Amino acid sequence: MSSDSYDHKRIESKWQARWKSRRAGEVDLRNSRDAYYMLVMFPYPSGDRLHVGHGRNYIMGDALYRYLRMRGRRPLNPMGWDSFGLPAENAAIERQVHPYDWTLGNIAAMKEQFLRWGILYDWSRELSSCTPEYYRWNQWLFVKMLEKELAYKREAPVNWCPSCQTVLANEQVVEGRCERCRTEVVQKTLSQWFLRITDFAERLLDNLDGLDGWPERVKVMQRNWIGRSEGAELDFELPDHGETLTVFTTRPDTVHGATFMVLAPEHPLVPRLIADSPDRSEIEGWVEKVRNTPRIQRETEERDKEGRDTGAFAVNPATGDRIPIWLADYVLPDYGTGSIMAVPAHDGRDLEFARQRGLAVRLVYHPEDEAVDAATMTEPVLHRGVIRNAPPFDGQHDGPDTVARFIDWIEEQGWGRRKVTYRLRDWLISRQRYWGTPIPVVYCDGCGIVPVPESELPVTLPYDVEFTGRRGNPLERHEGFLAAVCSKCGGAARRETDTMDTFVDSSWYFLRYLSARDDERIFDSKLAAEWCPVDQYIGGIEHAILHLLYARFVTLVLREFGLIEFEEPFTNLFNQGMITRFSEESGRIEKMSKSRGNTISPDRLIDEMGADTERVYTLFLGPPDEEVEWNQEAVSGAYRFLNRVWRAAEKLAEAPPTGPADDELERLRHVAIERVTRDMEKFKFNTVVAALMELMNALGKALEERTASRLTCEQTFDTLLMLLHPFAPHLTEELWEARGHPENLLESQWPSYDEAKLQASRVTIVVQIDGKLRDRLDVAVEAAESEVVDAVMASPKVEQHLEGREVAKTILVPGRLINLVTRPSA
RNA sequence: GCGAAAGUGGCGGAAUGGCAGACGCGCUAGACUUAGGAUCUAGUCCCGCAAGGGGUGGGGGUUCGAGUCCCCCCUUUCGCACCA
């Protein structure tokens with residue numbers, strides 16, 4: 001860049017060194033007056049080179065932080081590292097680097113990056129989830145939950161690579177094959193640990209209504225995920241087996257149309273039902289195949305419904321008919337009861353299956369306007385119709401009311417009961433991997449599963465393990481780790497080798513920041529009461545469901561434990577949009593990422609134009625909550641703006657203007673304060689930058705033309721520096737200091753504006769005739785209505801357009817416009 | 001299929017129901033320069049010489065007045081998706 005540009009390198013390193021040495025972001029939590037807890041989602045130190053797209057939420061967070069400080073708050077803005085995770089273990093396997101060392105190196109690099117961006121955090125409470133000081137409290141939490149039966153162990157399927165002999169995460173399964181060795185992945189059943197989030201389904205759902213500070217779309221996604229369905233459980237007798245088959249349905253009012261039953265192949269009753277079937281071995285083979293199909297494949301692929309006839313029968317309680325029992329893979333084992341009554345006439349999936357197998361179709365609802373024949377229909381009747389063939393309800397119409405009365409009636413008949421079902425499933429936290437929090441239990445031959453007592457926590461992860469990428473979890477081959485003592489009987493025991501899902505780490509970290517160095521307890525309840533819930537959380541939309549739901553769940557659990565009193569962890573949530581860029585590889589606009597080769601390195605950008613330029617441009621390039629495209633050429637606009645600010649300072653010092661007091665510049669100063677303050681509160685950073693550019697343009701003009709007074713220009717410039725500080729902290733601090741102010745900008749008071757000064761003394765009134773713009777008039781702001789009307793009537797343009805017409809009505813919006821509504825002259 | 005959000009210049013995008021296109025990029029012309037990828041000035045929605053007319057995905061409506069509110073349609077993006 002040109003030597004005419006300001007020396008951003010010198011300025012930025014100077015201020016970064018000062019902030020570091022003065023630990024500028026630290027907060028004394030004991031003084032909680034005006035407590036404001038803001039939180040930017042802690043990052044996973046992945047080892048990828050950071051690019052400008054990563055900076056967006058941290059830069060936004062820092063702008064907000066600096067703004068809040070200048071508004072007189074003492075915001076807490078901590079940062080830490082979500083440092084357990086799969087990439088570390090992959091790096092260990094591929095590059096023979098220990099995950100711990102690899103992670104530590106990445107953290108150091110990222111921390112350096114935050115410094116270079118000029119971002120202030122309270123590093124005195126930095127935490128890293130892969131340290132025993134942190135994960136010991138994951139273990140503590142787990143043991144507590146085990147005590148309260150909120151944690152339990154059961155069989156559950158996992159993705160299994162037969163060649164690597166290891167469990168795969170969903171993201172390691174690519175097109176049904178192992179990401180590393182391309183072997184076809186199968187489903188395998190292992191005994192695994194779960195947390196009972198389903199106990200809280202209703203609270204998690206109901207509380208969403210009170211989260212006014214959350215984006216609607218996140219709440220919608222969580223509602224869908226929890227998936228509440230109201231309906232009934234119905235009992236179907238199996239007379240030949242002396243059993244009762246219970247199904248869940250949201251449409252119990254269609255029970256008369258249930259012409260067959262379908263069970264998930266995994267349903268526990270299946271072996272008994274097929275025991276006498278001539279096709280028994282074939283069916284067993286098929287069930288086994290379905291069982292081994294990875295769940296992702298079964299759920300995501302568009303495929304024909306596969307099924308088998310068990311040869312067994314159930315009795316429809318409403319009709320008394322014997323109806324066949326089928327197995328099909330479109331019925332899922334872990335939703336509802338894992339079995340359904342099939343009503344092909346009123347359900348698309350059931351109809352499709354019935355048509356393929358030639359099963360009976362029986363209509364309950366008949367559309368009034370069109371004749372539908374059960375024997376030939378190809379589309380289910382889903383809309384409202386008249387009920388027939390359902391005796392006490394004959395002639396009625398469908399609707400929530402009818403369904404509710406139908407359920408009452410069903411209960412009277414003793415066929416079933418009202419029931420609410422959730423789609424949400426318990427949280428599977430077991431991971432058959434090394435790099436995570438060890439689950440603190442031991443297996444004792446005599447005592448069974450025994451939790452590790454609190455006094456023996458943490459169960460630390462051994463450092464000396466071998467990474468081969470084959471044959472499962474390295475912890476299983478570490479004798480020193482495996483050998484344990486049962487705390488109940490004192491006998492030899494074997495330690496659990498599963499580690500926890502990393503979402504456990506992030507589900508409560510916001511509480512740990514408050515007590516980051518406390519080795520007596522998970523966190524201090526008193527501090528939590530004063531600082532929580534988090535006032536403002538900033539993070540990407542990718543966490544809309546899992547992380548944010550788990551954090552809400554754990555908050556409810558901690559409340560049950562009596563450690564906190566609030567139910568919801570995050571009062572306000574802001575989702576920043578991603579930064580995208582055109583990718584040469586795909587020819588499309590995509591999220592920035594290393595693999596797509598469309599990244600921009602912040603290092604080079606900072607070298608060339610400075611961190612302040614990157615910050616200003618990042619916040620200027622579009623609405624903060626929307627996805628925006630990085631335009632490398634447009635960055636120079638931000639750079640030019642900052643250079644203009646620099647030159648304005650030079651001009652002000654070297655050749656101050658000597659004009660008269662300039663009311664208009666003073667007015668624009670107040671307008672800028674008002675606009676910037678209002679938009680900061682709404683996170684509209686892009687329009688804040690625009691407002692600052694406008695103020696700079698006005699000031700630049702005054703300085704150039706030497707029209708304003710020195711005092712007005714200096715006041716305007718100081719205001720500009722204050723308003724710009726959250727965006728360009730280095731440059732503004734430097735110029736503020738050069739202007740001779742003793743306090744740093746960061747410690748200064750945000751400027752206030754005078755309502756009375758926002759109004760110009762003369763305003764342009766827009767003159768409309770019948771809603772169309774015809775003229776503009778310059779009038780004094782305090783002009784009376786009659787004066788304005790007189791002035792309008794005197795306008796030649798108005799006269800011209802009023803020819804042959806007369807004014808029927810006049811609408812005057814003071815200070816803005818006048819609209820003359822006309823009609824033909826009499 | 002269900003649910004949600006959004007469609008504005010060459011581009012990113014502004015606009016408490018009140019001058020559409022702020023601000024920035026790009027572009028055009030000029031000034032200063034040995035030079036310009038620096039800086040400054042002016043211009044830049046479309047048609048038209050002008051007066052004027054048209055214009056915020058399409059169609060309707062409410063209103064003195066609609067990018068903004070309501071209804072229908074189209075398109076795009078996102079989320080969920082065999083959830084009984």
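Please read all numbers here as calculations on a predicted model, not as lab measurements. Protein chains get the first letters and strands the later ones, always in sequence-line order, with residue 1 at the start of each.
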Is the base of B:rG9 syn or anti, where syn means the angle lies within 90° of 0?
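Syn, angle within 90° of zero.
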
What protein N or O atoms touch nucleotides 47-53 of chain B N or O atoms at under 3.5 angstrom, if any, and at what distances?
| unit_1 | atom_1 | unit_2 | atom_2 | d |
| --- | --- | --- | --- | --- |
| B:rG53 | OP1 | A:Arg774 | NH1 | 3.1 |
| B:rG53 | OP2 | A:Arg774 | NH1 | 3.2 |

Using the [atom1] atoms only, state how far [M] lies from [N], rounded to an integer number of Å.
{"N": "B:rC45", "M": "B:rA5", "atom1": "C1'", "result": "27 Å"}
{"N": "B:rC78", "M": "B:rG59", "atom1": "P", "result": "28 Å"}
{"N": "B:rC11", "M": "B:rG26", "atom1": "P", "result": "15 Å"}
{"N": "B:rG60", "M": "B:rA66", "atom1": "C1'", "result": "14 Å"}

Test item: A:His256 side-chain N/O and A:Asn316 main-chain N/O as donor-acceptor pair under 3.5 Å
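Checked: no pair found.
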
Any sub-3.5 Å donor-acceptor pair from A:His801's side-chain atoms to A:Arg774's backbone N or O?
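Not a single qualifying donor-acceptor pair exists.
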
Is there a side-chain contact between A:Phe248 and A:Ser229 (heavy atoms, below 4.5 Å)?
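Yes, side chains in contact.
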
Evaluation steps, side chain to side chain contact (heavy atoms under 4.5 Å, CB included), between A:Ile600 and A:Val635
CA-CA 12 Å; A:Ile600 299 271; A:Val635 179; over 6 Å; no

It should be established whether [X] places a side-chain nitrogen or oxygen under 4.0 Å from OP1 or OP2 of nucleotide [N].
{"X": "A:Lys591", "N": "B:rC78", "answer": "no"}
{"X": "A:Arg816", "N": "B:rG17", "answer": "no"}
{"X": "A:Arg647", "N": "B:rC40", "answer": "yes"}

Suppose we call a contact any N or O donor and acceptor under 3.5 Å apart; does that hold for the side chain of A:Lys809 and the base of B:rC64?
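It does not, because no donor-acceptor pair links the side chain of A:Lys809 to the base of B:rC64 below 3.5 Å.
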
Is there a donor N/O on one and an acceptor N/O on the other, under 3.5 Å, for the side chain of A:Asn224 and the base of B:rC80?
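Under the 3.5 Å cut-off, the side chain and the base do not form any donor-acceptor pair.
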
Report the residue (A:Gln768 or A:Asn819) whose heavy-atom-nearest nucleotide on RNA chain B is the more 5′ of the two.
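The residue closer to the strand's 5' end, by nearest nucleotide, is A:Gln768.
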
For A:Val821 and for A:Glu629, locate the closest nucleotide of RNA chain B by heavy-atom distance; then report the residue assigned to the nucleotide nearer the 5' terminus.
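Final value for this comparison: A:Glu629.
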
Identify which nucleotide among [options] has an atom closest to any side-chain atom of [X], counting heavy atoms from C-beta outward.
{"X": "A:Met221", "options": "B:rA84, B:rG13, B:rG79", "value": "B:rG79"}
{"X": "A:Phe248", "options": "B:rG13, B:rA84, B:rC64", "value": "B:rA84"}
{"X": "A:Ile811", "options": "B:rC82, B:rC64, B:rG3", "value": "B:rC64"}

Determine the contact category for A:Ser229: base if any of its heavy atoms lies under 4.0 Å from a base atom, sugar-phosphate if only primed atoms, P, OP1 or OP2 are that close, otherwise nothing.
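If one applies the 4.0 Å heavy-atom cut-off, A:Ser229 turns out to touch the sugar-phosphate alone, with no base involved.
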
Are the ring centres of A:Phe685 and A:Phe683 closer than 6.0 Å?
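Yes; A:Phe683 has its ring centre under 6.0 Å from that of A:Phe685.
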
Represent RNA chain B in dot-bracket notation, 5' to 3'. Only Watson-Crick or G-U wobble pairs with both distances under 3.5 Å count; pseudoknot-style crossings use [ ] and interstrand partners use |.
(((((((..(((.....[....)))((((((.......))))))(((....)))..(((((..]....))))))))))))....

Tell me, yes or no, whether the heavy-atom count around A:Glu664 atom CD, taken from other residues, nucleotides or ligands under 6.0 Å, exceeds 12.
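Check passes, neighbour count above 12.
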
Please say whether more than 12 non-hydrogen atoms of neighbouring residues, nucleotides or ligands are located less than 6.0 Å from NZ in A:Lys772.
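No, not enclosed.
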
Over how many whole Å does the gap from A:Glu352 atom CD to B:rG1 atom P extend?
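Atom CD in A:Glu352 sits about 16 Å away from atom P in B:rG1.
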
Expressed as a whole number of angstroms, how long is the span from A:Phe353:CZ to B:rC82:P?
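That distance rounds to 17 Å.
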
Calculate, to the nearest 0.5 Å, the distance between atoms CG and CZ belonging to A:Leu204 and A:Arg228 respectively.
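Result: 13.0 Å between the selected atoms.
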
Donor-acceptor pairs under 3.5 angstrom involving side-chain atoms of residues 809-816 of chain A: please list them, not counting sequence neighbours.
none

Compare every heavy atom of A:Leu619 with every heavy atom of A:Ala63, then report the nearest pair and how far apart it is.
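Closest approach of A:Ala63 to A:Leu619, heavy atoms only: CB-CD1, 4.1 Å.
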
Side chain to side chain contact (heavy atoms under 4.5 Å, CB included) with A:Glu704: which residues, sequence neighbours excluded?
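Here the qualifying residues are A:Lys651.
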
Report, one pair per line, the protein and nucleotides 22-26 of chain B atoms (nitrogen or oxygen only) whose separation is under 3.5 Å.
| unit_1 | atom_1 | unit_2 | atom_2 | d |
| --- | --- | --- | --- | --- |
| B:rA22 | O2' | A:Glu694 | OE2 | 3.1 |
| B:rG24 | OP1 | A:Asn697 | ND2 | 3.2 |
| B:rC25 | OP1 | A:Arg640 | NE | 2.9 |
| B:rC25 | OP1 | A:Arg640 | NH2 | 2.6 |
| B:rG26 | OP2 | A:Arg640 | NH2 | 3.0 |

Taking only residues two or more places apart in sequence or in another chain, which ones pass salt bridge (Lys or Arg N to Asp or Glu O under 4.0 Å) with A:Asp625?
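In terms of salt bridge (Lys or Arg N to Asp or Glu O under 4.0 Å), with neighbours along the sequence ignored, A:Asp625 is linked to no residue.
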
Cation-aromatic face contact A:Lys305/A:Tyr330, 6.0 Å, 45 degrees:
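Yes, a cation-pi geometry.
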
